[in-house]
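It should be emphasised that the depicted structure is a prediction, and the values quoted were computed from it without experimental measurement.
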Amino acid sequence: MEKFFMTQEGFDELQKKLNYLKTVRRLEASERIKQAREYGDLSENAEYDAAKDEQAMIEADIRKIEAQLENAEIIADGGGSKNVVVLGSKVTLLDVDMNEEEEWLIVGTTEASFRDGKLSNESPLAQAILGKRKGDVVTVRTPQATYDVKIVKIEK
């Protein structure tokens, strides 16, 4: 089975989400189905169909999260290294062409969030910098472009 790399924080958040889906969302969906049944003929009952679809999506989410948690591999903050970029590293990068710095936390795909500065270890940028050292200039290749970044700082 595929491993899901995540920080302890990401693991804890997934557990909270799973608990919420099981204790709150399941009950809400069940209640919607019950109410929709009271409307009568189920063969032409759009509310019933929508409630059943919602229940199916919730159950699919539960199964997906359970699989991720079961196959989770917790990454240590920074992997114990400030010398090399690894999963869990917080990295400051300089876009060589734009002369702009950006900071990223390298995380597993389940935690990735562009808005929160969390970069998936499977992204082209992370793939390019993983295993590299402070001061290295790395070429990043994406389907849209190729660009260079310099690793300015590596933190745990």
Arg25: which of Glu54, Glu59, Glu31 passes salt bridge (Lys or Arg N to Asp or Glu O under 4.0 Å): Glu54
If you round to the nearest 0.5 Å, how far is [atom2] of [Y] from [atom1] of [X]?
{"X": "Lys134", "Y": "Lys153", "atom1": "NZ", "atom2": "NZ", "value": "8.5 Å"}
{"X": "Ile106", "Y": "Glu111", "atom1": "CD1", "atom2": "CD", "value": "12.0 Å"}
{"X": "Thr7", "Y": "Ile74", "atom1": "OG1", "atom2": "CD1", "value": "7.5 Å"}
{"X": "Leu21", "Y": "Leu27", "atom1": "CG", "atom2": "CG", "value": "11.5 Å"}

Does the side chain of [Y] come within less than 4.5 Å of [X]'s, by heavy atoms?
{"X": "Glu2", "Y": "Asn71", "value": "no"}
{"X": "Asn121", "Y": "Ile75", "value": "no"}
{"X": "Val85", "Y": "Asp136", "value": "no"}
{"X": "Lys52", "Y": "Gln55", "value": "yes"}
{"X": "Asn99", "Y": "Leu94", "value": "yes"}

Evaluation steps, side chain to side chain contact (heavy atoms under 4.5 Å, CB included), between Glu102 and Leu125: CA-CA 12 Å; Glu102 51 188 25; Leu125 176 55; 4.1 Å; yes
What donor-acceptor contacts under 3.5 angstrom involve side-chain atoms of residues 144-151, with partners at least two apart or in another chain?
| residue | atom | partner | partner atom | Å |
| --- | --- | --- | --- | --- |
| Asp148 | OD1 | Thr139 | OG1 | 2.7 |

Flag if over 12 foreign heavy atoms under 6.0 Å of CD, Glu9: no
CA sep, side-chain torsions, deciding dist, call: Arg63, Glu66, salt bridge (charged side-chain N to carboxylate O under 4.0 Å, His left out): CA-CA 5 Å; Arg63 285 189 302 278; Glu66 285 175 338; over 6 Å; no
Pairs where residues 102-141 contributes a residue and the test ring-ring contact (aromatic ring centres under 6.0 Å, His included) is met, not counting sequence neighbours: Trp104-Phe114
Flag, side chain of Glu155 to backbone of Ser89, donor-acceptor distance under 3.5 Å: no
Ile58 vs Ile62, side chain to side chain contact (heavy atoms under 4.5 Å, CB included): CA-CA, chis, key distance, verdict: CA-CA 6 Å; Ile58 291 168; Ile62 288 171; 3.9 Å; yes
Hydrophobic cluster identity match, Val138 and Val91, side-chain contacts under 4.5 Å: yes
Minimal non-hydrogen separation, [X] against [Y], with atom names:
{"X": "Met6", "Y": "Gln68", "value": "CE-O, 4.1 Å"}
{"X": "Lys118", "Y": "Val107", "value": "CB-CG2, 3.8 Å"}
{"X": "Ala36", "Y": "Glu47", "value": "CB-C, 3.7 Å"}
{"X": "Leu14", "Y": "Ile65", "value": "O-CG2, 3.7 Å"}
{"X": "Thr109", "Y": "Ser120", "value": "CG2-OG, 3.0 Å"}

Distance-only donor-acceptor check, side chains Asn19 and Gln15, under 3.5 Å: no
Pair Leu93-Asp95, side chain to side chain contact (heavy atoms under 4.5 Å, CB included): steps then yes or no: CA-CA 6 Å; Leu93 302 172; Asp95 183 315; over 6 Å; no
Under 4.5 Å side-chain linkage, directly or through intermediates, the cluster mates of Val137: Val96
Trace of the side chain to side chain contact (heavy atoms under 4.5 Å, CB included) decision for Asn83 with Arg133: CA-CA 6 Å; Asn83 300 320; Arg133 298 181 175 281; 3.5 Å; yes
